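As structure tokens, the structure follows; a few thoughts come after it.
Model, not experiment: these values are computed from the prediction. Letters A, B, ... mirror the listed sequences (proteins, then strands); counts begin at 1.
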Amino acid sequence: MKNLPILFLGIFFTVAFSWSGLILSSQIQYGGLTPTTATLDEDGNPTPGETLFPRMASGQAEQGKLIYIREGCMYCHTQQVRPQGFGADYERGWGPRQTVPRDYILQDRVLLGTMRTGPDLADVGGRPLTRSWHHQHLYNPQITSPGSIMPPFAYLYEVKEIEGAPSPNAVTISPDTEYAPEPGFEVVPTKEAEVLVDYLLSLKVDYELPEAKFTE
Amino acid sequence: MSTASDIVEPAQPQVAREGVYGSRSAEERVALSVIDNSMKVAGVFFVCCGAFWLLAGSFFGFVASMKLHNPDFMAALPELTFGRVRSAHLNSMAYGWANNAVFAIGLWIMARLSRAPVRHGGLLIIAGVMWNLAVLVGIRGILFGDMTSVEWLEIPTYVTPILGLSYALIGVWGILAFHYRKSEHVYVSQWYILGAVFWFPWIYTVAQMLIFFAPARGTVQAITNWWFAHNVLGLWYTPVALAAAYYLIPKILGKPIHSYYLSVLGFWSLALFYNWAGVHHLIGGPIPLWLQTAGVVGSLGMVIPVIVVAVNHHLTVRGCFRQIWNSPTLRFVVYGAMSYTLASLMGSLMAIPEVNVVTHFTHFTVAHAHHGAYAFFTMVMFGSVYFMMPRLLQKEWPSATLIRIHFWSCAIGAAIYVIGLSVGGWMQGLMMNNPEIPFMEIVEFMVPWLMSRSLAGVLLTIGHFAFAINIAWILLGRRVAEPKVSLTKKAAA
């Protein structure tokens, strides 16, 4: 190699090529997506008066997302439903339709994930799981899912002595199990556990978009 | 910089013809020893920091691995919960071990091939200290609750500008070493290192900007994330490891690379295809289909540089297998080069949608990542360190046994790791695509395979300790006047 300018230009242009091909062009193609209604009017605009999707997340859910990020939940749980016919996401009940780019446009941090050590959570709020179930599961996954390899997040809960009446938000744990606190004690979620559950319950794919209808 | 006293000292007859410079002429030995001496402090510093991070990363990796089959293991410590500790593992290994190894080996090879000493090595150390302190603060941040949860970019954003700045200082040294070159020819290894030195700051800056400081909307972030994360391996670690292989294999065997033109083809096809491949991490995901297709095409295109490099290396080492076996450096490098071929071809296969639908989201991908980053990159770096350190320090490795322990425990450990998680991960993928099988059944099925990973982790860690002990020993041990009979001697350049 004698021609150094070609080497330097090559080094520059190969990456410039992939950067513009992959990142710049996707930004141009769909970086400006906005929320819209489930169906469009005749002119292709959002139907006036109908709800815009995706919805804004609540402040509680946004706080819970920070806990989700801090604990690294996304290293075992994805938040993306693949189309029917590619994997079994739909058949497993992980969402009523595939997720599309517009579903993620209001998220400051997109947590698609690449690993399913645990199930997908894009629509976990749409499953028949109660707040109480989530608290039991986070406190110790063995309570709800024996054999699970998910880490217990007991440090997001306080075990404390019952003073007078039990706390209304105490986690219900059957006293016969080994996970129950000592008699006279209760397991109370911290603020962090509460908002984390708020976040999980807010994860829903319960709306249609013009480009993504529920799978039949 | 290179005064007479610099030249005289390492060239004294105590480094006999049998020493680290082999049977070269006195003049060449002086020139080489001046270059080596100019990299001595910085090179040794980077290697020591790298070894430190390697051990720290092994610890975090082992804790993370244990937790996946024994979730109660150290469960009371929030700092060591799985999500945090696995990220601490990745970042210790990537930004701690791998980058320090790249700094040491990349700069040293660049200096040697440029036939010019590294100037102002002291400033390089300052940048190196900054880099390692930044990584330390970053890992602490991950463990104590400031993680970003963006893969390969977990280090909190309050540290990343310092990482960027100290990288810039170190990278500039690579370019300066090249700029002041005295050799007329520009070697293949130099292209790879130059490419890496320019590519890394670019992809890092783009990723930081578009994900954290001025975030792109929606899944454009994910595309940026995987463009970056795949390119860290493809345009930063891989070129430097290939540069080391291209430098060390012909040097130790004493014969030129088989084909210059294959090297050219290999370099440009890697530069062209590798950086399109990262999107294959999003196949089936919420991004436009044409982008996924671009990722598949890029990944399949990678077959060209991989085959070209494999053929070129194979034809170079043909007929020299005994020499490879006898040289500790070449043992590691050839193990790494073979893993490169295998891991890359697997990677291309994994991008084909019919295969990807099984392997995506499973431990197969984890196996693949370690196949590339460990069995290829890290093994080549081990070999390179075994070659470089005696030349920087003018000493032989004190223990051939430790090198043997290192090689065998890492070679076997990496094989168990990759095979165990690949087989387990493939079955995991098949089961996941069959909705009749309840999810919990898959979780329980995976446990023995995950245990095989912990076993592999123990073996790898034993190897890393052998490596670290040997490094401490060579540093503290006395200068060897009469070279002892050891494995490294046969690898003399």
Which portion of [X] sits near chain A, non-hydrogen atoms under 4.5 angstrom:
X: B:F198; answer: side chain
X: B:Y187; answer: neither
X: B:I442; answer: side chain
X: B:V188; answer: neither
X: B:V357; answer: both
X: B:E436; answer: neither
X: B:V447; answer: side chain
X: B:E444; answer: side chain
X: B:P353; answer: both
X: B:F73; answer: neither
X: B:R86; answer: side chain
X: B:A75; answer: both
X: B:W202; answer: side chain
X: B:Y261; answer: neither

Tell me, out of [options], who's got the most heavy-atom pairs with chain B below 4.5 Å.
options: A:I105, A:L22, A:I67; value: A:L22
options: A:A212, A:P119, A:G10; value: A:P119
options: A:D120, A:T14, A:L66, A:N140; value: A:T14
options: A:D103, A:V110, A:L156; value: A:V110
options: A:A154, A:G118, A:P141; value: A:G118

What are the two closest heavy atoms between [X] and [Y], and how far apart are they?
X: B:V220; Y: A:Q27; answer: CG1-OE1, 3.7 Å
X: B:V443; Y: A:T117; answer: CG2-O, 3.9 Å
X: B:P71; Y: A:P152; answer: O-CD, 3.5 Å
X: A:D108; Y: B:P215; answer: O-CB, 4.4 Å
X: B:W290; Y: A:G21; answer: CH2-O, 3.4 Å
X: B:W268; Y: A:L7; answer: CH2-O, 3.7 Å

Which atoms of [X] approach chain B - backbone, side chain, both or neither, heavy atom under 4.5 Å:
X: A:L112; answer: side chain
X: A:V100; answer: backbone
X: A:F8; answer: side chain
X: A:A122; answer: neither
X: A:F17; answer: both
X: A:L33; answer: backbone
X: A:P146; answer: backbone

Problem - CZ on B:F439 to OG on A:S145, rounded to 0.5 Å - result: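 CZ of B:F439 is found 10.5 Å from OG of A:S145.
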Problem - CE on A:M150 to NZ on B:K67, rounded to 0.5 Å - result: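 The CE atom of A:M150 is 12.5 Å from NZ of B:K67, to the nearest 0.5 Å.
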Heavy-atom side-chain contact between [X] and [Y] under 4.5 Å:
X: B:P286; Y: A:Q98; value: no
X: B:W191; Y: A:L4; value: no
X: B:Q428; Y: A:R116; value: no
X: B:Q221; Y: A:L111; value: no
X: B:I287; Y: A:S26; value: no
X: B:M147; Y: A:R70; value: no
X: B:L194; Y: A:I11; value: yes

Problem - Interface residues of residues 74-94 of chain A facing chain B - heavy atom cut-off under 4.5 Å - result: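 At a heavy-atom separation under 4.5 Å, chain B is reached by A:M74, A:Y75, A:C76, A:T78, A:Q80, A:R82, A:P83, A:F86, A:G87, A:A88, A:E91, A:R92, A:W94.
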Problem - All salt bridge (charged side-chain N to carboxylate O under 4.0 Å, His left out) counterparts of B:R181, not counting sequence neighbours - result: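 Applying salt bridge (charged side-chain N to carboxylate O under 4.0 Å, His left out) to B:R181 gives none.
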Practice task
Determine, stepwise, if the pair B:T219 / A:Y30 fulfils side chain to side chain contact (heavy atoms under 4.5 Å, CB included).
Solution key: CA-CA 9 Å; B:T219 55; A:Y30 72 94; 2.8 Å; yes
Practice task
Give a yes or no answer on whether the side chain of A:R109 reaches the backbone of B:T148 with a donor-acceptor pair at less than 3.5 Å.
Solution key: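 Checked: pair present.
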Practice task
Look at B:V206, B:D72, B:N70, B:T365 and state which one has the largest set of heavy-atom pairs under 4.5 Å with chain A.
Solution key: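 Highest number of heavy-atom pairs under 4.5 Å: B:V206.
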Exercise for the section: Determine the option with the most heavy-atom pairs under 4.5 angstrom with chain A, choosing from B:E354, B:H363, B:Q190. Expected result: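 The answer is B:H363.
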Exercise for the section: Show your working on side chain to side chain contact (heavy atoms under 4.5 Å, CB included) between B:E151 and A:T114 and close with a plain yes or no. Expected result: CA-CA 9 Å; B:E151 288 188 69; A:T114 50; 2.7 Å; yes
Exercise for the section: Determine, step by step, whether B:L450 and A:I149 satisfy the side chain to side chain contact (heavy atoms under 4.5 Å, CB included) criterion, reporting the C-alpha distance in whole Å, the side-chain angles of both residues, the deciding distance to 0.1 Å, and the verdict. Expected result: CA-CA 11 Å; B:L450 294 168; A:I149 57 171; 4.0 Å; yes
Problem - Exercise: do B:Y274 and A:S18 side chains pair donor with acceptor under 3.5 Å - result: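 B:Y274 vs A:S18: no donor-acceptor pair found between side chains.
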